[in-house]
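Read through the structure below, which is laid out as structure tokens, and then see the notes.
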Amino acid sequence: MTSSVEIRTLATPQDLSAAAAEEVVRAANEAVAERGRFAIALSGGSTPRNLHTLLATNARTSLPWDRAFFFWGDERHVPPTDPESNYRMADETLLSKIPVAPAHVFRIPAENPDAAAAAGAYEQTLRKFFALEPGQFPRFDLILLGMGPDGHTASLFPGTAALEEKSHLVVANWVEKFKTCRITLTLPVLNAARCVVFLVSGTDKAPALHAVLQSDEPGEQYPAKLVRPTDGKLIWLVDRAAASGLKPTQPH
Ligand code: 6PG
């Protein structure tokens, strides 16, 4: 069981995206070399947009796209055409610009009015793709995650039911503050990954980043704190603005 945590502070959001693109390229080539395929879960939100653009342009020829399989860490409870859709963002900024077969793209079916049914369907998609036995969790080669100013990640929001989920792979999670359901991978899936990379940019994230990385605050209040791969790498890519609340750590 090997687990490591790395925190890298990049000067600007552009440097953060460039570092993230390098991590995606590294993980993709390593996965394909070792296992013949690369299973990645994309993050929603806005931070990954620039990373996606870099992957579709500068890094376009550095990845074995024909061996890449795309999933999502979470999705809003909206159709794929909705401006809020994480799928739509990824399709616009990445998938529509790279040579990826539709059969390699596994969208969360969030157009289903029954969010729990959508979550159940996605869980079956994961069980089939990863050929899971009952009780097993999928081991993504790379999961990209963002973090909200409240410390949420994916759609694991503070104080929500999904934080307690220990057996399901995907759940519909009611988020009171938005008065809506989100569909999200659960913590056991995030923590089964070979590598998790957080992308955190902006001063609005600084208090939560300090709480997650340098405080004894409970993870239930800052869910990003609960992401600790049991046998994998955890890499925090943060820009100087997001890191502005962190105390300098002694070099070891
Ligand atoms: C979502 C994301 C969410 C996001 C954070 C950060 O569906 O919105 O999965 O967890 O990563 O809210 O969002 P920004 O990158 O927009 O700051």
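Atoms within each ligand, like the ligands themselves, are counted from 1 in listed order.
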- prompt: When you check the gap from the basic side-chain N to the acidic O, do Asp231 and Arg194 get nearer than 4.0 Å?
  reply: no
- prompt: Do Arg37's NZ or CZ and the ring of Phe129 fall within the cation-pi criteria of under 6.0 Å and 45°?
  reply: yes
message: Atom CZ of residue position Arg127 - does it have more than 12 heavy atoms of other residues, nucleotides or ligands inside 6.0 Å?
response: yes
task: Kindly say whether the aromatic ring centers of Phe157 and Phe178 come within a distance under 6.0 Å.
output: yes
- line: The reported gap from CE in Met89 to CZ in Arg49 (rounded to nearest 0.5 angstrom) is 6.0 Å
- line: Those residues with a heavy-atom separation under 4.0 Å from ligand 1 are Ser43, Gly44, Gly45, Ser46, Thr47, Asp74, Arg76, Asn86, Gly146, Met147, Gly148, His152, Thr153, Ala154, Arg182, Lys205
message: Below 30° counts as parallel, above 60° as perpendicular, anything between as tilted: where do the rings of Phe69 and His104 land?
response: parallel
